[in-house]
Structure formats: structure tokens, C-alpha cells
*Asks:* 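Sharing a structure, written as C-alpha cells. Questions coming.
In what follows, chains carry the letters A, B, and so on, assigned in the order in which the sequence lines appear, proteins first and then strands, with residues in each chain numbered from 1.
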Number of protein chains: 2
Amino acid sequence: MTDIKAQVNPLFLREEELRQGIELLFFSYRDFTGEADRILADKAFGRAHHRVIYFVGRHPGMAVTQLLGILKITKQSLSRVLGQLVEEGYVRQTPGERDRRQRLLELTEKGRALERQLSAAQMEMVARAYRAAGAEAVEGFRTVLLGLINEEDRKRFLERETAGGAKR
Amino acid sequence: MTDIKAQVNPLFLREEELRQGIELLFFSYRDFTGEADRILADKAFGRAHHRVIYFVGRHPGMAVTQLLGILKITKQSLSRVLGQLVEEGYVRQTPGERDRRQRLLELTEKGRALERQLSAAQMEMVARAYRAAGAEAVEGFRTVLLGLINEEDRKRFLERETAGGAKR
DNA sequence: GAACTAAGTCAACATGACTGACATAAAAGC
DNA sequence: GCTTTTATGTCAGTCATGTTGACTTAGTTC
């Protein structure tokens with residue numbers, strides 16, 4: 001029956017395939033973030049705190065403007081979240097040496113501990129999916145997701161990849 | 001230099017790889033939804049409205065409880081959004097025949113028009129990424145994302161795939 | 001007839017985003 | 001050296017989307 005449909009409208013399967021892609025992104029992101037959300041709920045933190053902790057942990061010494069660029073939110077939005085994290089001792093701000101207007105961000109030991117806890121959960125999920133799918137599928141996963149990302153951030157990924165060497 | 005690191009700590013590359021997976025999901029989802037968000041902003045609708053329109057369009061005649069199960073939000077959250085969509089003539093509710101307690105949901109013509117507009121934008125993004133990546137990569141993308149999705153929803157995908165036949 | 005289920009409602013609240021206006025300090029440009 | 005730009009922060013108000021909890025109404029099931 002679907003074979004007939006496919007013959008009548010050759011675009012049908014293509015649209016179906018694309019819609020499945022859309023749904024896969026929706027469901028996988030929903031379930032992927034759900035894991036960490038549960039951990040954060042205990043600490044009265046939200047997804048926004050997680051993102052800050054993640055990226056500050058990933059790029060220690062980054063300036064506030066850089067972080068805003070990654071998160072693509074306004075500084076007013078960030079300030080509440082970042083303020084809480086600083087106040088509760090997860091993130092430390094130190095004036096920049098080169099440019100003393102900057103407040104460079106880094107995780108405290110407490111912050112690193114939370115970062116590890118959150119990342120461990122998510123890395124475990126990704127690792128499970130990677131193992132189940134195999135190396136070739138992982139390569140495809142990366143290629144397609146890269147294609148969904150805007151030019152600028154995509155470049156960052158590709159640079160890191162070649163700079164890191166030894167990967168493929 | 002990174003080669004040395006990899007030899008000293010064999011887990012380094014693995015962790016790096018997993019973190020890249022996490023970031024790919026974050027950035028791709030951010031950019032992927034950004035496209036539709038801009039269209040919705042004109043109509044004073046948000047992402048929540050989009051999800052309702054999408055899934056009602058995908059499964060015409062579905063009951064409210066089913067929709068809640070897919071979205072994994074509370075009925076109170078849904079009611080506001082659904083109420084607006086019904087009021088503004090995007091979604092129609094009709095009592096179920098088998099079970100008259102149910103209000104079965106379907107898009108109106110107006111709703112289908114918006115659905116097409118939104119989906120066209122996202123399908124275009126996915127299509128572009130698929131084309132650039134190639135069929136093999138797409139298969140890997142699907143496999144890995146399926147592995148990130150909870151058991152139950154994953155089954156739904158796999159059933160649809162085999163039922164639809166003719167795909168692979 | 002009692003118990004359960006589908007759907008909806010009212011109320012209060014939390015989170016995370018936004019715009020707009022303004023303040024301070026340091027850097028950069030002329 | 002004065003002006004302009006930049007980095008950061010703050011105050012105030014608003015909006016969208018989620019939550020919990022309590023309760024109602026109507027229909028189904030046992």
C-alpha cells in the first residue's frame with residue numbers, strides 16, 4: 001500500500017523521512033536533557049545553570065561576552081543565573097589581566113564536582129547510544145548534526161577536530 | 001602534543017568525543033528550533049504551540065491524553081496553549097464516538113496552513129543537512145538518536161518504520 | 001451503584017527568557 | 001587628553017512555559 005503511495009507521489013517518502021528526522025531531534029533532546037534536569041532539580045537549579053556550568057567548565061577563563069555568544073541569550077538573562085552560581089560558590093570571577101574590564105569565569109572545586117556529576121550522566125547516555133550504534137553510525141550522527149549548526153559554530157567544531165588530531 | 005595526552009590517558013579522547021556529542025546536540029537543537037521560533041514570534045505563538053500543532057497534524061484525531069503522553073507535560077500546561085489554538089481556530093476538538101469523554105484533536109485548514117509553513121522550514125533545514133551528509137550518514141544519525149530515546153518512544157519509531165515498509 | 005478515567009478549571013508559583021534604560025570602569029581612537 | 005566604544009552589571013517590567021494541588025463534570029467500567 002505504501003509502495004503504491006510512493007509511486008504516485010515520489011515526494012511522500014522523502015517528506016516522511018524528513019519528519020522522522022524532526023521527531024528524532026525532538027524526542028532525543030527531550031530525553032537527553034531530562035536526565036540532567038532531575039539531578040539539577042535537587043539543587044534548585046535549572047537547565048540554564050547547567051549550561052553555564054558546562055561551558056565555563058569547558059572553557060575556563062572565558063569572559064562573560066564569550067559565554068553570552070555561545071548561549072545566545074541576553075546578559076540580563078544570564079546575570080540572574082550566573083549571579084546565583086557565583087553567590088553559591090560554583091563559579092569564580094577574576095578580573096582579566098590584559099583587559100581589566102573583563103570578569104573571567106572559572107569553576108570552583110564545588111563547581112567542578114557538580115559539572116562532573118552532570119556530565120557523567122549525560123556522557124553515560126551518549127556512550128550507551130554510541131556503543132549500541134557503532135563507530136560508523138557515530139560518524140554519521142556527527143556529520144548530520146554539524147550540518148544543522150550555523151556556519152560560525154560549525155567552524156569552531158571543525159577547527160577543534162583538526163587541532164585535536166588523532167581522532168580520525 | 002595531544003597525541004602524547006592520548007597515550008598517557010587513554011580515556012581522554014573518549015571523554016572528549018562524548019563531550020562533543022553533548023555539544024552537538026545542544027547547538028544543533030538550538031539552531032534547529034531557532035528557525036521555526038522566528039516564524040512563530042510573528043503570530044505571538046511559542047514553541048509549545050508549535051509542538052501541539054505538529055503532533056496534532058501528525059496524528060489527526062488523537063485524544064488529549066495521548067498528546068500529553070507525547071509532550072510529557074501536565075494537562076494544565078497544555079490547556080493554556082491548546083485553548084488558545086482552539087479559540088483562534090487552528091485546532092478543532094470533536095467528541096470521540098467510541099468514548100464520548102474524549103475530545104479528539106485535529107487541525108483546521110488554518111491550522112494545516114501554519115503546520116505546513118513551520119514544517120517546511122524545518123524540513124528544509126533537515127533536508128539540507130541530509131543532502132550534505134549523504135545517505136549513509138543519515139542512517140547513522142537516525143541510529144544514534146534512536147539510542148538516546150526512551151524505550152517506549154523508540155518502539156513507536158521502529159514499528160512505524162517496519163509498518164511503513166519500502167524505506168530500507 | 002461505586003470506582004475509575006478523560007478532560008477541564010482555578011489558583012499560586014518558579015524558571016528562564018525578553019526589552020528598555022541607565023551606570024561604571026576600562027580601553028581604544030583621534 | 002578628550003571622546004567614543006566596549007565589558008559588565010543593574011533595575012524594572014513583561015511574557016511564555018512549565019510546575020503542584022485541589023476540585024468538577026461527564027462518561028465508562030466493574
Side-chain angles (χ1 to χ4, degrees), chain A residues 26 29-30 33-34 36-56 61-88 91-106, chain B residues 26 29-30 33-34 36-56 61-88 91-106:
Chain A
F26 169 72
Y29 196 75
R30 185 197 62 179
T33 54
D37 288 349
R38 279 184 285 279
I39 297 173
L40 290 157
D42 290 344
K43 305 212 162 34
F45 284 157
R47 210 173 279 182
H49 300 85
H50 184 184
R51 295 197 279 254
V52 170
I53 286 183
Y54 182 87
F55 286 110
V56 171
M62 82 190 308
V64 173
T65 310
Q66 276 182 281
L67 182 55
L68 288 175
I70 287 181
L71 299 177
K72 292 209 178 141
I73 59 174
T74 59
K75 64 179 173 178
Q76 296 93 325
S77 292
L78 176 61
S79 93
R80 199 176 6 192
V81 170
L82 184 55
Q84 286 174 315
L85 289 172
V86 169
E87 198 175 327
E88 298 185 32
V91 173
R92 184 172 33 238
Q93 293 177 298
T94 52
E97 291 192 2
R98 236 193 20 244
D99 184 339
R100 281 179 324 196
R101 289 172 305 179
Q102 296 180 324
R103 309 291 160 84
L104 305 183
L105 305 170
E106 57 183 340
Chain B
F26 170 72
Y29 196 75
R30 185 197 61 180
T33 54
D37 288 349
R38 279 184 285 277
I39 298 173
L40 290 157
D42 290 343
K43 305 212 163 33
F45 284 156
R47 210 173 279 183
H49 300 86
H50 183 185
R51 294 197 279 252
V52 170
I53 286 183
Y54 182 87
F55 286 111
V56 171
M62 82 189 308
V64 173
T65 310
Q66 276 182 279
L67 182 55
L68 288 174
I70 287 181
L71 299 177
K72 292 211 177 137
I73 58 175
T74 60
K75 63 179 173 178
Q76 295 95 324
S77 291
L78 176 60
S79 95
R80 202 171 6 196
V81 170
L82 185 54
Q84 287 174 313
L85 290 172
V86 169
E87 199 177 328
E88 298 186 33
V91 173
R92 185 172 32 238
Q93 293 177 299
T94 53
E97 291 190 4
R98 235 194 22 244
D99 184 339
R100 283 179 324 199
R101 289 172 304 181
Q102 296 180 325
R103 310 289 159 85
L104 305 183
L105 305 170
E106 56 184 341

*Asks:* Between CZ of B:Arg47 and CG of B:Leu40, what distance do you get to the nearest 0.5 Å?
*Replies:* 9.5 Å
*Asks:* Report the residues that fulfil side chain to side chain contact (heavy atoms under 4.5 Å, CB included) with B:Thr94, sequence neighbours left out, ordered by chain and then residue number.
*Replies:* B:Arg92, B:Leu104, B:Glu106
*Asks:* D:dG18 P sits how many Å from B:Leu68 CG, rounded?
*Replies:*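 In whole Å, D:dG18 P and B:Leu68 CG are 11 Å from each other.
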*Asks:* Who are the ring pair (Phe, Tyr, Trp, His ring centres under 6.0 Å) partners of B:Phe45, not counting sequence neighbours?
*Replies:*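 Expected list: B:His49, B:Tyr90.
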*Asks:* Distance check needed: D:dA7 P versus A:Gln66 CD, whole Å only.
*Replies:*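 Rounding to the nearest Å, CD of A:Gln66 and P of D:dA7 are 10 Å apart.
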*Asks:* Does A:Arg51 have any side chain to side chain donor-acceptor pair (under 3.5 Å) partners at least two apart in sequence or in another chain, and if so, which?
*Replies:*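 Result, side chain to side chain donor-acceptor pair (under 3.5 Å) vs A:Arg51: none returned.
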*Asks:* Identify the heavy atoms of B:Glu97 and B:Arg100 that sit nearest to each other, and give their distance.
*Replies:* O-CG, 4.2 Å
*Asks:* Show your reasoning for whether side-chain contact (heavy atoms from CB on, under 4.5 Å) applies to A:Val56 and A:Leu85.
*Replies:* CA-CA 11 Å; A:Val56 171; A:Leu85 289 172; over 6 Å; no
*Asks:* Can you measure from CD1 (B:Ile53) to CG (B:Leu82) and round to the nearest 0.5 angstrom?
*Replies:* 10.5 Å
*Asks:* Identify, between A:Ile73 and A:Ala44, the residue whose nearest nucleotide on DNA chain C lies closer to the 5' end.
*Replies:*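 It is A:Ala44 whose nearest nucleotide is closer to the 5' end.
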*Asks:* So A:Leu105 and A:Val52, side-chain contact (heavy atoms from CB on, under 4.5 Å) or not? Walk me through it.
*Replies:* CA-CA 10 Å; A:Leu105 305 170; A:Val52 170; 5.9 Å; no
*Asks:* Please give, in whole Å, the distance from D:dG9 P to A:Gln84 CD?
*Replies:* 15 Å
*Asks:* Could you list the residues that satisfy side chain to side chain donor-acceptor pair (under 3.5 Å) with A:Arg30, not counting sequence neighbours?
*Replies:* B:Asp153
*Asks:* With the threshold set at under 4.0 Å for non-hydrogen atoms, list the residues of residues 93-102 of chain A touching DNA chain D in residue-number order.
*Replies:*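 By residue number: A:Gln93, A:Arg101, A:Gln102.
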*Asks:* Not counting sequence neighbours, which residues clear side chain to side chain donor-acceptor pair (under 3.5 Å) with A:Arg101? List them please.
*Replies:*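 Applying side chain to side chain donor-acceptor pair (under 3.5 Å) to A:Arg101 gives A:Asp99.
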*Asks:* Can you name the ring pair (Phe, Tyr, Trp, His ring centres under 6.0 Å) partners of B:Phe55, sequence neighbours left out?
*Replies:*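 Once residues adjacent in sequence are excluded, the partners of B:Phe55 under the ring pair (Phe, Tyr, Trp, His ring centres under 6.0 Å) criterion are A:Phe26, A:Phe27.
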*Asks:* Using the heavy-atom set of chain B and a strict 4.0 Å cut-off, write down the first and last nucleotide of DNA chain C that makes it in, 5' to 3'.
*Replies:*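 Extent of the interface on DNA chain C: C:dT5 to C:dC10.
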*Asks:* Under 3.5 Å, sequence neighbours excluded: what are the donor-acceptor pairs made by side chains of residues 63-76 of chain A?
*Replies:*
unit_1	atom_1	unit_2	atom_2	d
A:Gln66	OE1	A:Ala63	N	3.0
A:Thr74	OG1	A:Ser77	N	3.3
A:Thr74	OG1	A:Ser77	OG	3.1

*Asks:* Taking ring pair (Phe, Tyr, Trp, His ring centres under 6.0 Å) as the test, write out the residues that go with B:His50, two or more places apart.
*Replies:* none
*Asks:* Quick check on the helix from C:dG1-D:dC30 to C:dC30-D:dG1: what's the angle between its two end axes, five base pairs per end, to the nearest 10°?
*Replies:* 30°
*Asks:* Over how many whole Å does the gap from B:Leu85 atom CG to D:dA16 atom C1' extend?
*Replies:* 13 Å
*Asks:* Kindly state which residues belonging to residues 74-82 of chain A come within less than 4.0 angstrom of DNA chain C, counting heavy atoms of the residue only, listed by number.
*Replies:*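 Heavy-atom contacts with DNA chain C come from A:Thr74, A:Gln76, A:Ser77, A:Arg80.
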